[in-house]
Amino acid sequence: MNSNAGSASISTDRLATRILWGLVIGIVLGLLARWLSSAVPSTDKQIQWLAVQVLDPIGKVFLRLLFFVVVPLVFASLALGVLQLGRLDKLGKMAAWTFLIFAINMAVGVVLGLVLMNLVDPGSRLDEVTQKRMLAQFGQGAIEAKEKAAQLTGLSFDSIVEMFLPRNILRSVVDFDLLPMILFALLFGMAGTTLATSRRQSLSESLETLIEVMTRIVHWALMLAPIAVPAMIFSVTVKFGLEFLQSLAWFVGVVLVAMVFQLFIVMSALLKIGAGRSPVIFFRAIRTILITAFSTSSSNATLPTTIQVSRDKLGISPSTAGFVLPLGATMNMSGTALYEGCVVLFVAQIYGIDLSIAQQATLVLLAVLSAVAVAGVPGASLPLIVGLLVNFGLPGEGVAMILGIDRLLDMARTVLNVAGDVVTACIVDKRLGMSSADLAPEVSGAG
Ligand code: ASP
């Protein structure tokens with residue numbers, strides 16, 4: 001694998017540039033198409049047809065290829081990660097570091113968002129006409145989000161057991177609910193470490209082979225990205241436009257500033273202090289990951305790319321990558337946590353309800369916990385946002401205020417979610433001094 005790393009990284013670089021151009025072209029063409037459809041209304045039908053019938057399916061091919069590999073890749077990476085650690089005491093250390101960085105990252109994100117929201121107070125800047133328009137236009141979406149929120153069970157011991165150990169693991173896999181599979185993969189890897197050396201070696205080789213095969217499929221998917229990304233972005237721009245960005249400009253501005261700060265300042269600091277890495281080199285190396293996260297709005301769909309780039313371009317040990325990244329895609333959502341906090345405060349500001357410091361401190365905790373429960377798919381945080389609103393005595397319908405811009409901010413928060421996973425992997429790798437010498441001797445050659 002390492003022998004290919006050099007040539008793979010050159011092509012990944014070129015690919016990242018092409019995908020980035022695709023992204024820009026998609027936005028520009030999408031805006032032009034929107035302008036055309038409002039200037040010449042008769043073209044609107046054709047443009048919508050192009051978006052829905054041609055471009056969406058192209059994007060779908062790319063997305064579905066990535067989704068194809070998620071389940072086997074998560075399973076094999078995690079199980080191999082644990083197997084390669086060799087000793088269970090190391091697993092405990094890795095888990096402790098991983099969860100600590102996840103928690104710091106998410107909590108800092110929410111605090112940052114809340115501080116900015118308090119300073120700028122965008123909710124009180126929203127005029128009544130816009131408020132009414134949002135409620136009228138997105139009332140139905142809000143009802144759907146509320147219905148989904150009602151299905152979520154509260155946090156009790158029993159619901160946690162159900163969450164991790166459902167009666168039918170295959171059903172949860174089918175629903176893309178990855179937590180039970182993650183637990184199963186951890187158990188699988190842990191059980192594997194207790195096998196006799198030769199068996200452990202062959203299990204490790206089989207998992208490594210499976211990962212390599214999945215990685216090739218990811219490569220193929222990524223080759224499609226320079227076409228699929230502009231197709232998807234064009235379609236999103238045509239369907240959602242940027243008008244809502246204007247009416248909610250203050251809110252969108254605060255959220256984006258907080259996100260940019262979290263991504264480039266907080267994460268750079270974490271990276272530098274925790275892993276001694278240069279943020280500039282880091283962000284250059286993970287461009288493909290960030291663009292994939294932005295265009296898919298899904299941590300899960302990005303995961304195969306995250307694992308591949310982290311191993312090939314950042315030199316993260318397979319064991320750390322296999323352990324931290326799948327967990328991160330499911331649990332570590334700093335962008336989502338930040339966003340949830342901001343939305344709750346925004347809705348409170350609109351309805352003129354003051355949230356005290358103590359309530360906002362509770363909000364930090366609840367936003368982090370609920371972000372952990374958000375699945376890594378587009379729009380997954382909406383029902384949890386409704387839950388949070390209700391929790392703070394705010395109307396769940398308030399979610400309608402942000403539905404018009406949710407898709408676009410979903411792209412941004414997913415970038416943060418995924419970047420946080422890679423930063424964590426870098427820190428854990430460094431803290432645990434993960435070199436091949438640290439891996440179980442009989443499987444250390446596998447990576
Ligand atoms: N789309 C986000 C992700 O996949 C989740 C969310 O906040 O809706 O990371």
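When a ligand or atom number is given, it counts from 1 through the structure's own listing order. Side chains are part of it too, since the values below use all heavy atoms of this structure and drop only hydrogens, waters and symmetry mates. Everything numeric in this text was worked out from a predicted model, so none of it was measured.
An N or O contact shorter than 3.5 Å is missing between Asn300 and ligand 1 by distance. Between Ala375 and ligand 1, no N or O atom pair is found at a separation short of 3.5 Å. Note: no N/O pair closer than 3.5 Å links Met333 and ligand 1 by distance alone.
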Handout entry: Test salt bridge (charged side-chain N to carboxylate O under 4.0 Å, His left out) applied to Arg311 and Glu212, step by step
Key = CA-CA 12 Å; Arg311 288 176 56 164; Glu212 226 179 296; over 6 Å; no
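A donor-acceptor distance shorter than 3.5 angstrom exists from the side chain of Asn118 to the backbone of Leu114, with no hydrogens or angles considered. In this structure, Asn417 contributes its side chain and Ser334 its backbone to a donor-acceptor pair below 3.5 Å.
Interface of Thr336 with ligand 1, defined as ligand atoms under 4.0 Å from a residue heavy atom, comprises 5 (C), 6 (C), 7 (O). Near Gly379, the atoms of ligand 1 lying under 4.0 angstrom from a non-hydrogen atom of the residue are 8 (O). Listed by atom number, the atoms of ligand 1 under 4.0 Å from Ser381 heavy atoms are 6 (C), 7 (O), 8 (O).
Ranking protein heavy atoms by distance to atom 1 (N) of ligand 1, first place goes to Asp410 OD1, 2.7 Å. The nearest heavy-atom contact from the protein to atom 4 (O) of ligand 1 is Ser299 N, 2.8 Å.
Ionic pairing of Asp44 and Arg34 is not present here: no N-O contact between side-chain nitrogen and carboxylate oxygen is shorter than 4.0 angstrom.
Contacts between Val374 and ligand 1 below 4.0 angstrom, taking non-hydrogen atoms only, involve the side chain exclusively.
A 4.5 Å side-chain heavy-atom check between Phe62 and Met232 finds at least one atom pair inside the cut-off. Contact check for Met181 versus Ser172: no side-chain heavy atoms found under the 4.5 Å cut-off.
Judged by the 6.0 Å distance and 45° axis criteria, Arg413 is positioned over the aromatic ring of Tyr339.
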